[in-house]
Amino acid sequence: MRYSQAFIHTLFEAPKEAETPSHIFLLRGSFVYPLAAGLYSLLPLGHRAVEKIKGIIREELDAIGGMEVTMPVVNPAELWKKTGRFFNIGEELIRFKDRREREFVLAMTHEEVVTDMAKQFVRSYRDLPVMLYQIQTKIRDEARPRAGLLRVREFQMKDAYSFHPDFADLDVYYPRIFNAYLRIFARCGLKSTPIEADSGIMGGSGSHEFMLESAHGEDHFVLCPACGYSANTEKAVGVKAERTPCAEPLAMEEVSTPGVKTIADLMGFFGAPEKHFLKTVAYIADGSPVLAVVRGDFNVSVTKLAGHLKAVHLDYAPEKTLLEKGLNPGFLSPVGVDGMRVVFDTAITGGALYIAGGNAPDMHLKNVLAGRDFEVKERADISEVREGDRCAACGGAELRIKRGIELGHTFKLGTKYTAADSMDVTYLDGAGAPNRVVMGCYGIGVERLLASVIEKWHDEGGMQFPVSIAPYQIILSQLGNQPEVVAMAERLYSKLGAAREILYDDRGESPGVKLKDADLIGIPVRLVVSRKLEKSGEVEIKIRQTGEVKICPESELEATLEAIFKRLAPSIENLPYMDEG
RNA sequence: CGGGGCGUAGCGCAGCCUGGUAGCGCACCUGCCUUGGGAGCAGGGGGCCGUAGGUUCAAAUCCUAUCGCCCCGACCA
């Protein structure tokens with residue numbers, strides 16, 4: 001491609017809304033163009049990079065037996081009502097009616113549609129297992145799109161679905177997709193960290209998120225530096241240091257605390273550390289109020305609490321509801337609560353005295369003792385791990401909390417969508433008996449992956465693409481418009497263009513502009529021809545990621561490039577592969 | 001949805017407080033010149049000042065409403 005003919009319009013200055021590196025460089029480099037909040041057009045450079053990523057995904061999924069399909073974005077609401085998601089999902093799911101008043105949704109994933117296909121065509125155990133995938137537009141009306149392509153409302157997602165005769169077969173298949181994911185990210189130049197994720201009813205090792213460690217990530221995960229245990233913060237389990245029981249339990253007493261509500265205020269008021277308090281938070285779980293009690297130095301994990309309660313909807317209880325129940329926000333307490341479900345965190349043990357709310361305005365209770373002043377009927381791990389908690393897996397090291405971008409998610413779905421009360425998908429086994437189909441689902445956000453690569457691979461001057469997903473492998477910068485220089489550039493362009501994708505900067509711009517643009521758009525290998533080099537029959541080769549520069553005789557150029565590209569190709573060796581049995 | 005910030009040319013900004021012919025840099029167009037790190041000279045095109053009301057002889061500027069965008073938080077099947 002000749003730059004002079006290309007639809008590439010780089011910006012000297014970034015639009016002020018851009019703050020994260022990937023957002024800034026995608027805009028400046030003419031990769032994307034914003035249409036509205038969270039909605040972007042992919043310009044030619046961005047489009048090409050995304051197509052490269054999709055190519056890698058296709059290769060890896062085809063290699064483990066996947067078959068690509070295409071499914072509609074507009075889905076009949078009826079299908080989504082069958083699985084319950086029409087009702088369970090909030091405003092993120094766009095619903096509308098067509099001209100005949102029939103209800104539809106815009107698909108945010110395709111479990112319903114693909115399961116409907118499976119229901120139609122999977123009849124026999126001979127049809128299983130099977131894996132179908134699609135790379136298509138998904139629509140989610142996100143509350144807050146942000147950071148360019150990292151979180152958007154319309155995006156391409158690779159979604160894969162596997163169907164199995166039973167759980168054992170899914171367990172056998174799962175490592176293959178897990179390993180394919182590791183290869184996909186590695187081939188895009190990223191080191192991904194698979195972490196245990198919340199898998200709801202499935203439990204165990206049923207779900208993994210593949211994280212890229214990044215300061216601009218919006219997710220947090222826990223990592224044990226000693227044993228390698230890693231998990232989503234919401235799900236991660238840590239060892240909670242217990243408080244030592246007091247020798248002589250003092251009697252509970254009321255303390256007037258006008259306007260003192262938060263743990264921080266209370267610490268000041270009582271002159272006691274965080275862990276001496278009980279933090280009581282009121283939720284509404286599927287319509288019923290629930291109190292969650294954790295120690296003052298912990299926070300409630302909504303995920304763990306919802307999992308424990310088996311609740312679909314879990315929200316903070318509105319102040320109004322609390323007052324109706326005779327509860328006072330800011331002074332909540334497990335003491336003296338009747339007729340309401342109260343869940344205690346496992347950190348709250350007997351023997352130690354606590355300071356709790358008084359369940360009355362402007363009042364707290366001192367010297368509260370579990371078992372004496374309130375009953376602990378229900379105990380569960382409902383608190384979030386903290387940086388520095390000890391690892392529950394190896395018992396030794398202190399857990400670290402990292403920020404990251406979720407690149408992909410693998411999930412043993414089980415029978416959530418194939419169950420009788422959902423879409424009811426069965427097949428006949430060898431004995432002619434009906435059996436329930438078991439599913440797995442596996443997603444990757446394609447544009448987010450592009451943005452993640454830039455988050456990882458950039459410097460002050462711009463992007464530094466891995467050769468595997470760069471929109472062009474080579475940029476040929478012609479510096480000087482002397483006939484000999486032009487002739488040499490043209491010669492190289494046609495000769496190298498046969499084997500590589502090459503962007504030939506033939507513009508009449510000054511050298512500074514051309515070189516800055518080459519850096520900005522991050523093409524991995526830059527070739528320069530100039531008057532000086534032309535005279536000696538040489539070409540300059542610069543590698544964008546490393547900054548290495550070498551001068552190469554034109555006659556040796558192809559062999560030299562061959563070696564360079566071989567060296568630059570991302571490796572898929574030594575990844576934390578799962579045993580495929 | 002809560003908190004904060006911003007809407008003036010494609011991009012970055014000034015002008016607004018104190019109302020009076022809409023400006024600067026980059027980009028773009030023409031010509032000359034120039035080719036190793038965002039060159040030079042000369043000429044030029046482009047804006048209902050987000051939108052709608054109001055105040056006023058007069059509104060980018062003051063008032064009201066509304067829409068949009070960004071950041072932090074909540075939320076994220």
Side-chain angles (χ1 to χ4, degrees), chain A residues 9-20 23-24 27-30 33-39 80 83-94 105-112 138-148 150-153 157 159 197-201 207 209 216 218-219 232 234 299 302-303 306 312-316 318 406 409 411 413 416-417 422 441 443 445 460-462 477-486 489 505-520 526-534 539-540 542 547 549 551:
Chain A
H9 303 279
T10 57
L11 296 173
F12 180 65
E13 285 176 292
K16 66 170 185 296
E17 70 261 21
E19 292 194 357
T20 56
H23 194 188
I24 290 170
L27 287 170
R28 281 193 56 203
S30 192
Y33 179 70
L35 187 62
L39 300 172
W80 286 64
T83 61
R85 293 211 294 176
F86 186 86
F87 309 105
N88 295 338
I89 297 175
E91 291 177 299
E92 214 176 323
L93 177 67
I94 295 184
V105 304
L106 295 181
M108 49 205 296
T109 64
H110 281 81
E111 277 83 4
E112 278 80 1
K138 311 275 169 169
I139 313 281
R140 299 180 186 188
D141 193 3
E142 292 284 349
R144 185 152 98 78
R146 73 189 91 176
L150 282 178
R151 185 165 207 84
V152 292
R153 295 196 293 173
M157 179 173 176
D159 227 356
D198 178 50
S199 52
I201 45 168
S207 175
E209 285 170 9
H216 293 105
E218 46 184 356
D219 291 313
N232 188 306
E234 301 220 304
N299 282 318
V302 178
T303 306
V312 178
H313 291 291
L314 188 66
D315 275 312
Y316 285 118
E406 184 184 343
H409 198 157
F411 195 97
L413 264 180
K416 183 172 159 71
Y417 293 94
S422 188
C441 71
E460 320 76 58
S477 305
Q478 167 206 316
L479 305 186
N481 55 6
Q482 296 75 16
E484 317 85 70
V485 174
V486 173
D505 195 345
D506 58 339
R507 295 176 299 168
E509 293 288 353
S510 70
V513 170
K514 291 186 176 186
L515 298 176
K516 289 284 187 188
D517 273 342
D519 286 347
L520 176 61
R526 187 187 80 194
L527 301 181
V528 167
V529 294
S530 68
R531 181 148 56 165
K532 196 176 67 191
L533 291 162
E534 192 277 331
V539 180
E540 178 194 279
K542 182 170 181 184
V549 176
I551 306 297

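In what follows, chains are A, B, ... by sequence order, proteins preceding strands, each numbered from 1.
With B:G38, B:G12, B:C70 as the choices, the nucleotide that has an atom nearest any side-chain atom of A:Pro15 turns out to be B:G12. You'll find that the side chain of A:Lys516 is closest to B:G38, out of B:G38, B:C70, B:C6. Across B:C75, B:G37, B:C70, the shortest atom-to-atom separation from the side chain of A:Lys542 is found for B:G37.
In this structure, A:Ala14 reaches the sugar-phosphate backbone alone: every heavy-atom distance under 4.0 Å involves primed, P, OP1 or OP2 atoms, never a base. Contact annotation for A:Lys138: no contact, since no heavy-atom pair falls under 4.0 Å across all strands. A:Ala143 comes within 4.0 angstrom of a base, heavy atoms only. Using a 4.0 Å heavy-atom distance criterion, A:Glu13 is classed as a base contact.
At B:C72, one or more side-chain N or O atoms of A:Arg144 fall inside 4.0 Å of OP1 or OP2 (strictly under the cut-off).
Nearest-nucleotide positions on RNA chain B place A:Ala147 closer to the 5' end than the other of A:Ala147 and A:Glu142.
Residues A:Arg85 and A:Tyr417 have side chains in contact (heavy-atom distance under 4.5 Å, counting atoms from C-beta outward).
Panel note: side chain A:Glu13, backbone A:Pro15; no donor-acceptor pair is recorded below 3.5 Å.
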Between the protein and nucleotides 34-36 of chain B, which nitrogen or oxygen pairs come in under 3.5 angstrom?
{"from": "B:U35", "atom 1": "O2'", "to": "A:Gly480", "atom 2": "N", "distance (Å)": "2.7"}
{"from": "B:U35", "atom 1": "O2", "to": "A:Glu509", "atom 2": "O", "distance (Å)": "3.4"}
{"from": "B:U35", "atom 1": "O4", "to": "A:Asn481", "atom 2": "ND2", "distance (Å)": "3.0"}
{"from": "B:G36", "atom 1": "N7", "to": "A:Ser530", "atom 2": "OG", "distance (Å)": "3.3"}
{"from": "B:G36", "atom 1": "O6", "to": "A:Ser530", "atom 2": "OG", "distance (Å)": "3.1"}
{"from": "B:G36", "atom 1": "N1", "to": "A:Glu540", "atom 2": "OE1", "distance (Å)": "2.7"}
{"from": "B:G36", "atom 1": "N2", "to": "A:Glu540", "atom 2": "OE1", "distance (Å)": "2.6"}
{"from": "B:G36", "atom 1": "N2", "to": "A:Glu540", "atom 2": "OE2", "distance (Å)": "3.3"}

